[in-house]
Number of protein chains: 2
Amino acid sequence: MAFTIKEASERLGCPAHTIRFYEKEGLLPYIKRDKNGNRLFEQDHLDWVRLMTCFRATGMKLSLLKEMVNLALDGDSTIPQRKAILNQYKEELFLRQNELAEALDAVNNKLSIYEDIEKGRIPSESQLLIKMEESE
Amino acid sequence: MAFTIKEASERLGCPAHTIRFYEKEGLLPYIKRDKNGNRLFEQDHLDWVRLMTCFRATGMKLSLLKEMVNLALDGDSTIPQRKAILNQYKEELFLRQNELAEALDAVNNKLSIYEDIEKGRIPSESQLLIKMEESE
DNA sequence: GCTTGCCTTAAAGCGTACTTTAAGGCTTAG
DNA sequence: CTAAGCCTTAAAGTACGCTTTAAGGCAAGC
């Protein structure tokens, strides 16, 4: 079963233009065409786009995705390199988890300061930026 | 105690050009100057840049940071709005945590598939992209 | 006094990842 | 037969966040 670009777009929740762009960039090799030259997507292609979307959402660059595509096209002998890429990416994911945790801490801290100010527990002058205003 | 831009840059691990850029964008109001027109940074400014860096690393846009600066400059009456912004940002952080978790799952899954192939447990044809190659 | 190294500004340039535009072709409904 | 609605391509445009360039000023060391 094959899908038109419109069907692919709907199933992926991703603009058709973006899918074409990915193909043009070499991220979607071996997309067949019908007699009119229209793209025919297989389920595998959709799965791969979904995986790319998942990786993209967490900061993987298109250039790295393309590297992985190229390695995959070179066969099983490149599996060690693909593993290395994924393991490195995994390290980045851990870094990002830490960054998120830090940002969450900072947000919660800021929110609790706002609460304190609202309840008159601390004067606003101890608040960042407002202090700057004072020193004006 | 005030710092030159070079000192600020060193302490923040952030290029001086970027700090100037932030000031130009209104993200660092009320930076004083010495008699030669050189910027003098207070500890508060460094703290705020650090917080911005933390928020930026997790996807907050400069335009939103600027909104928060502007609200802060308008005084305590804008605290509800600032809280609303931070609470919304917090929701985004949770979304990102989920995205990271999903990506980690996907990476681990892919890695285990590679292991299986390397150990001959499954044929490479079941592997994404390589299947595409086959259908060529 | 002149070089070095910092500082200043304004403006242009860059990388990433799309997104939009323009120009045109096939197919199906009326 | 013609208009709607999909498809195609190539190329230009956009948004964001810096980063680099250009042109020049002050200040300390030799």
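Residue numbers start from 1 in every chain, and the chains themselves are labelled A, B, ... in the order their sequence lines are given, proteins ahead of strands.
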Degree of bending in the helix from C/dG1-D/dC30 to C/dG30-D/dC1 once both end axes are built from five pairs, to 10°: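 Answer for the end axes of this duplex: 20°.
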
Note, B/Lys83 side chain near A/Lys110 side chain (heavy atom, < 4.5 Å):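 Sidechains of A/Lys110 and B/Lys83: no contact.
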
Transitive ILVMFWY side-chain link A/Leu51 to B/Ile122, under 4.5 Å: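 Linked within one cluster.
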
Expressed as a whole number of angstroms, how long is the span from [X]:[atom1] to [N]:[atom2]?
X	N	atom1	atom2	answer
A/Leu65	C/dC18	CG	P	10 Å
A/Leu12	C/dC18	CG	P	13 Å
A/Glu25	D/dA10	CD	C1'	13 Å
B/Arg33	C/dC7	CZ	C1'	10 Å
A/Met52	C/dC18	CE	P	9 Å

Reading 5' to 3' through nucleotides 12-18 of chain D, protein heavy-atom contacts under 4.0 Å coded B for base, S for sugar-phosphate only, - for none: -----SB

Side-chain donor-acceptor pair present, A/Gln43, A/Asp47, cut-off under 3.5 Å: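 Side chains of A/Gln43 and A/Asp47: pair found under 3.5 Å.
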
A/Glu102 versus A/Asn98, side-chain donor and acceptor atoms under 3.5 Å: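 Note: A/Asn98 and A/Glu102 side chains miss the donor-acceptor criterion.
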
Show the atom names and distances, to 0.1 Å, of all donor-acceptor pairs under 3.5 Å that link a side chain in residues 6-15 of chain B to residues at least two apart or in another chain.
unit_1	atom_1	unit_2	atom_2	d
B/Glu7	OE1	B/Thr4	N	2.8
B/Ser9	OG	B/Cys14	O	2.8

Side chain to side chain contact (heavy atoms under 4.5 Å, CB included) partner of B/Phe55, the single match among B/Met60, B/Lys61, B/Arg50: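 The side chain to side chain contact (heavy atoms under 4.5 Å, CB included) with B/Phe55 is passed solely by B/Met60 among B/Met60, B/Lys61, B/Arg50.
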
Protein-nucleic acid N or O pairs under 3.5 Å, nucleotides 2-6 of chain C:
unit_1	atom_1	unit_2	atom_2	d
C/dC6	OP1	B/Lys6	NZ	3.4

Protein-nucleotides 24-28 of chain C N/O pairs under 3.5 Å:
unit_1	atom_1	unit_2	atom_2	d
C/dC26	O3'	A/Asn36	OD1	3.1
C/dT27	OP1	A/Lys35	NZ	3.2
C/dT27	OP1	A/Asn36	OD1	3.0
C/dT27	OP1	A/Asn36	ND2	3.0

Residues, nucleotides or ligands: over 12 heavy atoms within 6.0 Å of B/Gln88 CD: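 Open: at most 12 neighbouring heavy atoms sit under 6.0 Å from CD of B/Gln88.
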
A/Arg39 vs D/dC7: side-chain N/O to OP1/OP2 distance below 4.0 Å: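 No, A/Arg39 has no side-chain N/O under 4.0 Å of OP1/OP2 on D/dC7.
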
Sub-4.0 Å heavy-atom contacts from residues 92-103 of chain B onto DNA chain D, ordered by number: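 DNA chain D contact set from residues 92-103 of chain B: none.
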
Of the listed nucleotides C/dT8, D/dT8, D/dT19, the one nearest the side chain of A/Asn38: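 The nucleotide sitting nearest to the side chain is D/dT8.
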
